[in-house]
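Small disclaimer: the values here were computed from a predicted structure and weren't measured.
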Amino acid sequence: MTTSTLSTSRLQQLIAAQMTTLVLSPQAVISRMGYQSNRYEQACERLQQVLHSDSLGLGDGYYDFKYDGKGFVAALCCVLDVASAQYQPVLKSIEADLQQRADYRLRAKISFEPDGASAISLMAFNRFIYQDLPTNFYLMDEAEQNHIAQEYAQAHYQLYGHDLPYAGRISGYDVLRKRKGEQSVALTIPIAN
């Protein structure tokens, strides 16, 4: 568990405790944050994300035309009388962690015979190529990443390896790392035939 995860957990507990102390339902909190009644359901889901996500929902880039992730947490804390000194360091820590974060995907190396296939059907073929890896993959050490990637590749191959359209054949896998808009191959996994 990282330092930001521990402080995030404490902030989440404080937010929940303040809601209980002030006897505020999620809808009442959302209303005090300035949301209109037709946006309550969406905003309440976002509140739940703050209360249960390791990153307080800051890493998803979500903006609901009222608040971005950081603004939502700040407005929530303000409504609940949580001092800025208690939540600002947590937000900064999470943002620093997110800057180091990379997203990982598994990409199957597939060759196929596109005879008679339209461009649209080839675009649909992409669903067979990519598999998301766990969101905490970037936190794992190299051996654990290798093990997880092997498991995902094996599961993907079991599911699609012998049943791809256009006589498709999987020859291996790449683990793609995307950080700050740049993508690179982090690991290559061969297929044992």
Side-chain angles (χ1 to χ4, degrees), residues 1-9 11-12 41-64 68-69 72-73 93-193:
M1 191 174 264
T2 65
T3 304
S4 68
T5 304
L6 288 172
S7 54
T8 298
S9 176
L11 179 59
Q12 289 166 324
E41 185 177 338
Q42 184 180 14
C44 284
E45 288 175 11
R46 196 165 182 198
L47 173 60
Q48 289 303 310
Q49 185 179 19
V50 169
L51 292 173
H52 300 288
S53 165
D54 288 343
S55 66
L56 300 177
L58 298 182
D60 62 10
Y62 184 76
Y63 180 77
D64 64 8
D68 63 1
F72 186 88
V73 174
S93 176
I94 290 170
E95 287 177 327
D97 283 353
L98 290 172
Q99 286 296 318
Q100 295 304 311
R101 180 181 173 185
D103 291 318
Y104 288 84
R105 291 182 97 184
L106 186 69
R107 178 181 64 194
K109 297 179 193 176
I110 300 176
S111 58
F112 61 97
E113 300 296 327
D115 293 341
S118 69
I120 291 175
S121 51
L122 290 178
M123 288 182 349
F125 192 73
N126 274 335
R127 75 181 181 96
F128 298 108
I129 296 175
Y130 294 100
Q131 171 73 45
D132 289 329
L133 292 168
T135 55
N136 65 341
F137 192 82
Y138 74 103
L139 296 172
M140 298 174 188
D141 63 37
E142 187 176 336
E144 194 174 9
Q145 283 182 346
N146 194 359
H147 176 73
I148 295 295
Q150 291 278 351
E151 283 183 353
Y152 273 68
Q154 192 172 39
H156 184 274
Y157 191 78
Q158 290 297 320
L159 189 61
Y160 297 117
H162 304 290
D163 194 27
L164 290 170
Y166 311 115
R169 289 188 23 233
I170 298 174
S171 60
Y173 292 88
D174 287 330
V175 173
L176 303 177
R177 174 182 42 234
K178 186 175 181 181
R179 179 185 285 165
K180 298 180 184 175
E182 293 183 23
Q183 184 169 287
S184 60
V185 175
L187 178 66
T188 298
I189 303 167
I191 292 295
N193 292 326

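- Within the model, atoms CD1 of Ile129 and NE2 of His156 stand 8.5 Å from one another, a figure rounded to the nearest 0.5 Å.
- The shortest heavy-atom contact between Gln183 and Leu176 is NE2-CD1, 3.5 Å.
- Within 6.0 Å of CD on Glu95 lie more than 12 heavy atoms contributed by other residues, nucleotides or ligands.
- Between Asp64 and Arg46, some side-chain heavy-atom pair lies under the 4.5 Å cut-off.
- Taking a cutoff of 4.0 Å between a charged side-chain nitrogen and a carboxylate oxygen, Arg107 and Asp174 qualify as a salt bridge.
- In this structure, the separation between OH on Tyr138 and CG on Asp103 is 9.0 Å, given to the nearest 0.5 Å.
- Residues Tyr173 and Gln131 fail the side-chain proximity criterion, which asks for heavy atoms closer than 4.5 Å.
- For the atom pair Gln49 CD and Cys44 SG, the distance stands at 13.0 Å (nearest 0.5 Å).
- Residues Thr188 and Lys109 form a side-chain contact, since some pair of their non-hydrogen atoms from C-beta on lies under 4.5 Å apart.
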query = Could you walk me through whether Tyr104 and Lys178 pass the side-chain contact (heavy atoms from CB on, under 4.5 Å) check?
reply = CA-CA 6 Å; Tyr104 288 84; Lys178 186 175 181 181; over 6 Å; no
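- Atoms CD1 and CG, from Ile170 and Leu159 in turn, are 9.0 Å apart once rounded to the nearest 0.5 Å.
- Counting only heavy atoms from C-beta outward, the side chains of Gln154 and Gln150 never approach each other to under 4.5 Å.
- Of all heavy-atom pairs spanning Met140 and Ile148, the tightest one is SD-CG1, 3.8 Å.
- Remark: Leu56 CG to Ser9 OG distance equals 10.0 Å, nearest 0.5 Å.
- Taken from CD1 in Ile94 to CG in Leu11, the straight-line distance is 7.5 Å, to the nearest 0.5 Å.
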task = Report the C-alpha distance between Gln145 and Leu187 in whole Å, list the side-chain angles of each, state the deciding distance to 0.1 Å, and finish with yes or no for side-chain contact (heavy atoms from CB on, under 4.5 Å).
result = CA-CA 9 Å; Gln145 283 182 346; Leu187 178 66; 5.7 Å; no
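- The side-chain heavy atoms of Asp54 and Asn136, taken from C-beta on, include no pair separated by under 4.5 Å.
- Of all heavy-atom pairs spanning Thr8 and Ser53, the tightest one is CG2-O, 3.8 Å.
- Residue Glu41 places its CD atom among 12 or fewer non-hydrogen atoms of other residues, nucleotides or ligands, all under 6.0 Å distant.
- Taking 4.5 Å as the limit, every side-chain heavy atom of Tyr152 sits out of range of all side-chain heavy atoms of Val175.
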